[in-house]
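Data first, discussion second: the structure below is written as structure tokens.
The figures that follow rest on heavy atoms only: side chains count, while hydrogens, waters and symmetry mates do not. One-based numbering, in listed order, for ligands and for the atoms of each.
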Amino acid sequence: MAAAESDREVPSALCTEFLNFSAKDTASKWLQVTDLYKEVYQHLASYVPKIYCLGPNLNPQSEDLLAQLLLQAPLEWYLCGEDPSMGLAKLEQNNQPSQLCGHVFRVGEPTYSCRECAADPTCVLCMQCFLGSVHKEHRYRMTTSGGGGFCDCGDTEAWKKGPYCQKHEPNISDSCQEVNSSQPQDPLAHLSTDMIARCYNVFSIVLKYAVDMLTWDKENELPLGLEPPDRGDTYYCMLFNDEVHTYEQVIYTLQKAVNCTQKEAVSFATTVDRDGRKSVRFGDFAFCEQAKSVIVRNTSRQSKPLRVQVMHSSVVAHQCFALKALHWLGHVIGYSDALRRILCQVGLERGPEGENSSLVDTLMLCDSKMWKGARNVYHQLFMSSLLMDLKYKKLFAIQFAKNYERLQSDYVKDDHDREFSVTDLSVQMFTVPSLARMLITEENLMTTIIRTFVDHLRHRDLQGRFQFERYTAQQAFKFRRVQSLIGDLKYVLISRPTEWSDQLREKFLEGLDTFLELFKCMQGMDPVVRQVGQHIEMEPEWEAAFTLQMKLTHIISMMQEWCATDERVLIEAYKKCLTALTHCHSGFTDGEQPITLSICGHSVDTIRYCVSQEKVSIHLPVSRLLAGLHVLLSKMEVAYRFPEQLPLSELSPPMLIEHPLRCLVLCAQVHAGMWRRNGFSLVNQIYYYHNVKCRVEMFDKDLIMLQAGASMMDPNHFLMIVLSRFELYHIFSSADCRKRYNRENTNKDVVQQNNTLIEEMLHLIMMVVGERFEAGVGQVEGCDQIKREIIHQLCIRPMAHSELVKALPENENKETGMERVIDCVASFKKPGVTGRGLYELRPECAKQFNLYFHHYSRADQSKAEEAQRKLKRQNGEDTALHPPVLPLFSPLFASLVNILQCDVLLGMLGAVLQWAVEPSGGHWSESMLQRVLHLIGMGLLEEQQQLENSSEDNDVSFNFTLKISLCGCILGPGEAPSNTASVLALLENLQNAHHLEVHKDMIRWILKTVASIKTIRELTAFTCTVTASGSHGQEEMVCDKDKAERKRKMEMARLRREKIMAQMSEMQRHFINENKELFQQSLEELDASTSSSLEHSPTSSDAALVCVGPRRSCPREKRQVVTCILCQEEQEIRADGKAMVLAAFVQRSTVMSKNRKRPPHDPEHYDPLFMHPDLSFGTHTGSCGHIMHSHCWQRYFEAVQAKEQRRQQRLRVHTSYDVGNGEFLCPLCECLSNTVIPLLPRAKGSSSCEQPGLGQWLKTSGQQIKAMHSAHRKLQPISVDAVEETVEEGCPAPEGFRVDYTPTSPYSSTIKEMLTTFGTATYKVGLKVHPNEQDPRVPIMCWGSCAYTIQSIERLLVDEEKPLFGSLPCRQDDCLSSLARFGSACWTAASQPSVQGHFIRLVAALIPDPQVETSPCILDIDMLHLLVSVVLSYGSVHSQDSSGLSVDAVQLHLFHLITVAHMVQILLTSGPEEVTMEQESEGAEREEEEAICCLYNTLRTHLGSSLPEVGSGWHLWRCVKTGILPYLRGAALFFHHLNGVPTPPELHALCPGQWEVLCGYLSLPSNLLQLYHSQQELLEPLLHGWCSHPSLRQTLQGGGVLVSFPRESNSLIDLPDDYSALINQASSFTCPKSGGDKSRAPTLCLVCGSMLCSQSYCCQTELDGEDVGACTAHTFACGAGVGIFLRVRESQVLFLAGKTKGCFYAPPYLDDYGETDQGLRRGNPLHLCRERYRKIQKLWRQHSITEEIGHAQEANQTLVGIDWQHL
Ligand SMILES: [Zn+2]
Ligand SMILES: [Zn+2]
Ligand SMILES: [Zn+2]
Ligand SMILES: [Zn+2]
Ligand SMILES: [Zn+2]
Ligand SMILES: [Zn+2]
Ligand SMILES: [Zn+2]
């Protein structure tokens, strides 16, 4: 590329210029000139293109350096009038910084707000300020910043309390000054006028330049004065960001358009996304133009094309510098508040074009045309200048408000996220209460916002109501942008005024007017008509309207709260709202015929209207706002104090209730199933209408409106209208309505419908009379309402904090107010290791329970009913759930109680009771009766309460008892009373009805209450003195109740219990049938565990138990019989029997690794024979312990395979297991498995003939090995050279050893097959290679897995502080036994010479063998692995031995030898002596100390100075004893499981003296040194051999990894107690690959503590030919495929296994309520829960992570579909 060459030359040319350049001279020249503007522009015109944008590969470092020297330095010189390093320092010194912190947040940085003190939730503190503030002791909220925004510390308007942290607290002396001068000082006072003038000049030129360039939209020209002296044909092809195209599209297109690699394309796309634009090609015009056309062509197919511009390099250069210049301005004003003020002044100075023409205006108005990067930079400058200066913040706010409409419109059209829009700054101004108020009064901001909002909602129907189009994703996107206006309105209203000026009143009411205009468009929108006949064809649109309603909910509440702070405003608002409502429903529309209704001699005029036939809408915001204001009239007592100012006479109660009533009837009809054909859209609307998010301004207000209307009406009239709207009038109006069962048996559905409607109507009446917890409706405090909500939630069941929060309405500050009252009504129960903390209702609150609580759904209601009845039964109380005692109504609503005793209601009650008396017919329902009883109960309680509260005279007009005892007929006018029974009589009648068993408690309670009221009335009538005696009398009455009553109750209870028991056992039977398998399993497990515990128990208690060697105890011969979980047949374990297998999961593991940095080996050539003591990689085998026939398993697995293939073809879905990789789920417990282990019988007991001593055996085995060497050589004719070198040709084999003998396998064919299966699986997984059953490494991997699994279990037992034996679940015992026995048999499935070869090499590591070339040094061998491998491989040698040598004897010799080697290993690696107090040793120990010193000194003679001198034997002996213990324990586990020897009871507990017992069990002297000293002459040469290994000295001197013993268990990393420390740590973490960028999903590896940049393109790497995310890649390096991470931003634990498996897991951080906060949504402070963290650690240590993932994926199928490898 030609261009690339030329840009090499320019810098050198520049260099000379640079050498001659003097910033000082330039500045002094500038001081002389008259037209500074022109001069500086010239300077920029000539230098900027020489520095910036000289080639395709920008070099920001040298650019910045040059810009600093050539461009910024002269400006600074000019500004300061001296050396800027001096001048700026002086400025800083003289500066008196403001008390604002103003720290601008990085993305992901933690921010803190105080729920108690913050003016609104947008007020936040940075971490530093928070830690130094009073709020850290308060109930604070923690969130992570989305970037932008700044710390509000020091802003007195933002905090009700504690506005300053310690750092920003004003000095007392300062504040005194401020008090004296009353006005804050002008920061300019410290500056000389000269300085001010210069500063002004520079700032205006630089800012103007920056604004010119950033708003410049020509691609090929520059503004006047900036044209470069010489312009070449150099262009950039500039790609801009949009939110339409995906990453993938952009990457793909770029690869095509500019021929770049995928990596480069990813980098381009990342930059475009971050900065908003990026040059993707540099060259001449045509070259760039060509790329542009390819990009446009490629991206224009589905949507509008990507924006691309071909721009001249000088334009780009100036734009780059313009950004730099803005940065510079921000930097310079940081030195001094004075400079900041000057910049603000410059920025807001009105330009030549007049209004809104300042530079700041220009920038704002061009905002949506700029690219992201430019916007970010200038927004930041605004924040650090205009918003930090109190004077100019106000002026800026005014400009912002003036431009508001235009800015918002630009934003709505733009497609960038809100955080990149200047409109996002609104939060910084509107939430400041004084500014907001000023903007309302002076700029009429409230009206502007609402008007702008309405202007953007254009869709109207003929009546002018909103009518939204189908709510598509794009619509939703647009709508969301419009909604940001609602957010702004919320900011403005969030703090309520404490004082009102006339102007504020005027502007607020003007705003309210506009708001009502909006509401008028919403009143009656989206009306529905009942569909009859067929289903609706298309679900009508409803979401948009509801979204609107939902978004406005808080605004509506806030408007009301504003009104509540000023009586005059309230009165005016009420009038306006009433006018609006009248306007909406001016008169009744056509078709609404007037009619007259009459019942019981009462009649009312209304209209004919059927909800089921005409249009009805759920949206009635005007009515509901009026309802809200009406309550306020009562609450603020305006209604009583200024009745003359209210338009009460204009109110028409029937008009008020009409629409809310229709809406409630609609809900009832939907419940009754009358609207089924209207589809889901209506169901959804009804759901949201009642939902906690909407109900405050929907359902609740409708109810209030009904209460308001009814309180102004004759109750009989009200009820008749209700009956009519419920379309039930005809049922209750007829004279013989009590005989409904006779007349109306026409259509079952209709009867059913009407029953439900009656139930719903009765419920509505209860609510109208009983819902008195809204302050203003009833005489209650504000907190009574929330208390009641909580009580009723907790009556359902105990709940967690977050559940309660979800069930309660939140205010605009996202607070429920629950904290204030929760402790009065509930007690907190802490969580355990799982689950969460729960609140339980205090028992004394249960009496406030109301079964018909208006916010219960039907499901809630029945759950609560059940729970409360159960509770009452438990407490031995009467189970009647009678209504609670209610608070009094406010005077305005007081007349509502009369509904209870009005004729129409009593008529209805009587009718329902009468129906219930006649059980046949089914024209009534139990819940109908239950409601009637409840209503009667309410009436009685009302009367009782009034009696108790009334002063002396019985002026209580409410006489419910009288009414219900009167003859209960509904009298038409002039009708003669017929002999119908009274309500009371009917109740007495019902008391004995058999079919009403459930309600008897309630009826009894009613009758009892009636009686006690009568007593009160009589008492008060008798002695009008003390009313309290009335209640006494009542109590006595209760006491006096005859014992027969109690007896009957007990009898009842017994009957009920029996019934319940019968039900229970029925349920249980059902359950067992359903879960047959499960029960089978648990029974089996029981069997298995009993059988194994028998095995553990010692055979003969006298003899000491020994598990290895010729003296080993013989286990009792016992047939081992197991049951196959698949076919349920029993099978004995025998070598020649059918194979039984254990489901198993083999996985690679690094859990015990002491060296995670060891590079992964080359799987094809790796020799796994010796395990390094660092245990860097191991193979772990686990099992769920479920046993199958091998053939049953094979059939099962084939079936799974076949099913999976079909499924994948059909659905292409993933599963939680990979069949292709041999994975399957255990058919019983669904535990992830990938192979099976065959079960084998244990080894036979030893023969008792004389066995050779160590010396004899060493000699024999040496001969055997030689014989094998030569035999093997014969098999390999190739190595002729080697043959020549050997010492003796054909050495004689020892007696009885037949090298040519090939033993026959003792196993049946199925067992042989399974031996191969498990061996191959271990080999495949452990080495990550393709299966190859012939590979000689197969047995090695099996032995390795056996040793590794034993070691990991041994560690686990230590960590869990459990005894060595008897504490493992039997599945692990079974697994270990089968692993050990499998290991001893696996040689039969491999080639004998190769296994013998392994044996020879293993032995050679201890006993030098000249024919084995490379043996590792003993420091590089893990001794337990060596022990297991050598013991298990010996079988292949022994099979050729017929001399009578017993396996046991050999095992013991090998074991002793390796034990000595391990002691030497420990001595070599034991560190220097720690300075400890001299320990006084016991006599017995002294012997050991001497012996150990002796051995150590022998080693020192061999090794000399490589070993430090150690004085005390005590230290050495302690090192050996602690260091060797894990090995001995491992060996004990191994031999126990291999030989099946019972374990000594002492090892089943953690008691002292374990060492001796352990040594005894292992056939070792408890002074281990005896092993060495008793055979010193035989062992000395070996010792010498080990010490003279060449790499030993090297390792000791630091040349290799030195592991010391005992190896400590690995733990997960330490986590900080406070979660915010982690957030903070993560927020400063930068992506390691994209130079200093913040990572979006910082993720912490809990195993090693690395922080990773997860879920991001930048950090993807290739793993086995696939792109994987940082976590997956790390998983393979750190955890051999298994990973445990903490996603810091999400507060979520992530488990990964392999590339396809993963799940999320509850984090170990809990809030004070004992709950996690996944996703950090609630923001409560989180603290580490150590138990939970330990639980995660345990999962990891016991290798259960993969299993956990499997279970999670099975339980939640969506987890399977996640692309885990990209995390
Ligand atoms: Zn701060
Ligand atoms: Zn602070
Ligand atoms: Zn606070
Ligand atoms: Zn079977
Ligand atoms: Zn299982
Ligand atoms: Zn790690
Ligand atoms: Zn990254």
Side-chain angles (χ1 to χ4, degrees), residues 97-106 109-121 123-142 145 149-156 158-169 383-384 387-388 813 815 819 1149-1151 1153-1158 1160 1176-1177 1610-1615 1620 1624 1627 1632 1642-1654 1659 1669-1688 1693-1697 1723-1725 1736-1737 1740 1745 1767:
S98 72
Q99 300 302 333
L100 289 174
C101 168
H103 169 84
V104 176
F105 293 115
R106 302 185 296 265
E109 199 177 333
T111 65
Y112 299 84
S113 183
C114 182
R115 294 183 200 257
E116 292 161 25
C117 314
D120 67 81
C123 301
V124 287
L125 293 176
C126 66
M127 192 170 182
Q128 261 69 42
C129 289
F130 171 73
L131 291 176
S133 75
V134 294
H135 310 292
K136 73 170 189 280
E137 309 297 332
H138 297 173
R139 228 160 42 78
Y140 63 88
R141 185 206 311 272
M142 176 187 72
S145 168
F150 53 75
C151 173
D152 290 307
C153 183
D155 181 350
T156 46
W159 308 96
K160 292 175 213 155
K161 221 167 73 189
Y164 305 104
C165 70
Q166 284 162 359
K167 189 173 138 207
H168 295 110
E169 184 100 49
M383 280 201 271
S384 59
L387 295 177
M388 294 294 287
N813 284 343
E815 287 288 302
E819 314 303 327
S1149 156
T1150 63
V1151 170
S1153 174
K1154 289 290 162 196
N1155 179 12
R1156 289 180 198 283
K1157 296 200 176 65
R1158 187 180 281 272
S1176 62
F1177 281 96
N1610 286 330
S1611 305
L1612 295 180
I1613 56 161
D1614 282 335
L1615 289 176
S1620 49
N1624 207 34
S1627 75
T1643 301
L1644 183 67
C1645 172
L1646 293 178
V1647 174
C1648 70
S1650 310
M1651 189 71 86
L1652 305 165
C1653 170
S1654 169
C1659 285
C1671 283
T1672 305
H1674 181 76
T1675 289
F1676 278 79
C1678 170
V1682 174
I1684 307 172
F1685 302 95
L1686 183 69
R1687 286 157 63 84
V1688 181
V1693 166
L1694 167 69
F1695 289 163
L1696 287 180
N1724 292 329
I1736 295 174
Q1737 176 167 281
W1740 173 63
I1745 298 293
L1767 290 180

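In this structure, the side chains of Phe105 and His103 come closer than 4.5 Å at one or more pairs of heavy atoms. The side-chain heavy atoms of Ile1613 and Leu1644, taken from C-beta on, include a pair separated by under 4.5 Å. At a threshold of 4.5 Å between non-hydrogen side-chain atoms, the residues Arg115 and Asn1724 count as touching. Side-chain contact between Tyr112 and Ser1620: present, with at least one pair of heavy atoms (C-beta onward) separated by less than 4.5 Å. Using a 4.5 Å heavy-atom threshold, the side chains of Val134 and Lys161 count as separate. Side-chain atoms of Leu1646 and Trp1740, non-hydrogen and from C-beta on, never get closer than 4.5 Å to each other. The shortest distance between side-chain heavy atoms of His1674 and Cys1648 falls below 4.5 Å. Looking only at side-chain heavy atoms (C-beta outward), Cys101 and Cys126 come within less than 4.5 Å of each other.
No more than 12 heavy atoms of other residues, nucleotides or ligands lie within 6.0 Å of CD in Gln166, so this atom counts as exposed by the packing criterion. By the neighbour-count criterion of 12 heavy atoms within 6.0 Å, atom NZ of Lys160 is densely surrounded, having more than that number from other residues, nucleotides or ligands.
With waters left out, the protein N, O or S atoms under 2.8 Å from the Zn ion (ligand 6) add up to 4. For the Zn ion (ligand 1), the count of nearby protein N, O or S atoms, meaning those under 2.8 Å away, is 4.
For the pair Arg1687 and Thr1643, the tightest heavy-atom approach, listed with the atom from each and the gap, is CG-OG1, 3.9 Å. Shortest non-hydrogen contact noted between Arg139 and Glu116 is N-OE2, 3.1 Å.
Looking at residues two or more places apart in sequence or on another chain, you find no side-chain hydrogen bond (donor to acceptor under 3.5 Å, both in side chains) involving Ser133.
Here the protein contributes Cys114 SG, Cys117 SG, His135 ND1, His138 ND1 as N, O or S atoms under 2.8 Å from the Zn ion (ligand 3).
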